[in-house]
Protein chains: 2
Amino acid sequence: MIADMSIDFQERADNLIRQTGERATSGRIRVLAMLLAEQRPVSHQEIEERLRGKSRLNRVTLYRILDWLNDKCLVHRIVSDDRVWRFRANNDLRTHRHAHFKCTRCTRVMCLDDMKAEYDRPLPAGYRPLEVELTVKGLCAECV
Amino acid sequence: MIADMSIDFQERADNLIRQTGERATSGRIRVLAMLLAEQRPVSHQEIEERLRGKSRLNRVTLYRILDWLNDKCLVHRIVSDDRVWRFRANNDLRTHRHAHFKCTRCTRVMCLDDMKAEYDRPLPAGYRPLEVELTVKGLCAECV
DNA sequence: GCTATCATTGCAACCAAGTTGCATTTACTA
DNA sequence: TAGTAAATGCAACTTGGTTGCAATGATAGC
Ligand SMILES: [Mn+2]
Ligand SMILES: [Mn+2]
Ligand SMILES: [Zn+2]
Ligand SMILES: [Zn+2]
């Protein structure tokens, strides 16, 4: 059952990567499959741990793969005040600009998929906005 | 004229620090005076450079001073996606939770003092919000 | 299927920002 | 004008990410 699911993610990852027109390497497939299965933001370190066992990926290569997946809009990168990047598989290809929640106790980050990251007031004259980051920090349901 | 102003900031810094009831060391006074004069978010590195010349402060000590000033609410610390902390002197003691603007070209950060950092939708059940970070990224007036 | 080609990977060394432990100095108190 | 605790300086360390380059491997053309 779980094995079937994992094969399914493997295949979905493979397809998504091939659709970009670039090379479908085993590293890219394994990382994306893992993120598709996880469906939540995962740090570089966590990914490295999860992938341990099966012939493990070089640290630098993992950075480059994550960067590549981000460029191709297959994942998005979430910055956090702990100086750690986290990555989550995108469900639809358009990058939906949503808010995030960071639990200050367990340090997990969650995507608030239906809270848009936006602001209400006008910016100072001459400023051109390009992107908005909105992060709510506090305690998650498991840590309250 | 400028000399007078700098003495003024020195004195204000000294007073503010003494009001905390803790020690008014020359390092604390110099750093806070500089931030009071600057009135915008400044990185650790920039502060180190500005303070060069006059008997220069140890790097670690500067980190500790900034941390202390932040704890005492005399400055606030702004986190950014470039993994660099910036500090700005607080004008009033209550920490006003405002948004920030980050210019992606000149890398400067500005406080949007009258844009509140807040959100509209409800959080998932059981989540307890404690703090909100809102950052608009784009081009500042000088970089457009 | 086999080979050539160029993108991707692994490795080692590097970097920047921030932290820690501990001995020395300094601001305040009495 | 000491005595004392707090702050400082220094050296070494940590974490997260980057760079250059040689070795490897995915795909296109045959
Ligand atoms: Mn997200
Ligand atoms: Mn601010
Ligand atoms: Zn939590
Ligand atoms: Zn700018």
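Labels below follow one simple rule: chain letters A, B, ... track the order of the sequence lines, proteins then strands, and each chain is numbered from 1.
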Rounded distance in Å - CH2 (B/W68) to P (D/dA7)
8 Å
Atom CD of B/E48 and atom P of C/dA16: how far apart are they, to the nearest Å?
13 Å
Applying salt bridge (Lys or Arg N to Asp or Glu O under 4.0 Å), name anything that partners B/R108, two or more places apart in sequence or on another chain.
B/E142
Give me each pair satisfying side-chain hydrogen bond (donor to acceptor under 3.5 Å, both in side chains) with a member in residues 117-134 of chain A, each pair once, sequence neighbours excluded.
A/E133-B/K137
Please state how far atom CZ in A/R28 lies from atom P in D/dG25, giving the value in whole angstrom units.
15 Å
Who are the side-chain contact (heavy atoms from CB on, under 4.5 Å) partners of B/D82, not counting sequence neighbours?
B/S80, B/V84, B/R86, B/K102
Residue set satisfying side-chain contact (heavy atoms from CB on, under 4.5 Å) with B/A37, at least two apart, ordered chain then number -> B/F9
For A/R40, all residues meeting salt bridge (Lys or Arg N to Asp or Glu O under 4.0 Å), sequence neighbours excluded
A/E38, A/E46
Which residues pass the salt bridge (Lys or Arg N to Asp or Glu O under 4.0 Å) test with A/R18, not counting sequence neighbours?
A/D14
Roughly, in whole Å, what's the span from NE2 in B/H44 to C1' in C/dA17?
8 Å
Surrounding CD of A/Q45 (heavy atoms of other residues, nucleotides or ligands, distance under 6.0 Å), is the total greater than 12?
no
Taking ILVMFWY side chains as joined if any heavy atoms are under 4.5 angstrom apart, and letting links pass through other members, which residues group with B/L139?
A/L130, B/V144
Just how large is the angle between the end axes of the helix from C/dG1-D/dC30 to C/dA30-D/dT1, five pairs per end, to 10 degrees?
30°
Whether each nucleotide of nucleotides 9-15 of chain D has a protein heavy atom under 4.0 Å at its base (B), only at its sugar-phosphate (S) or at neither (-) is summarised, 5' to 3', as BBB----
For A/D67, the salt bridge (Lys or Arg N to Asp or Glu O under 4.0 Å) test, sequence neighbours excluded, returns A/R77
Scan nucleotides 24-30 of chain C nucleotide by nucleotide, 5' to 3', and note B when protein non-hydrogen atoms come under 4.0 Å of the base, S if they reach only the sugar-phosphate, - if neither.
--BBS--
What's in the same ILVMFWY side-chain cluster as B/Y63, cut-off under 4.5 Å, chained through other members?
none
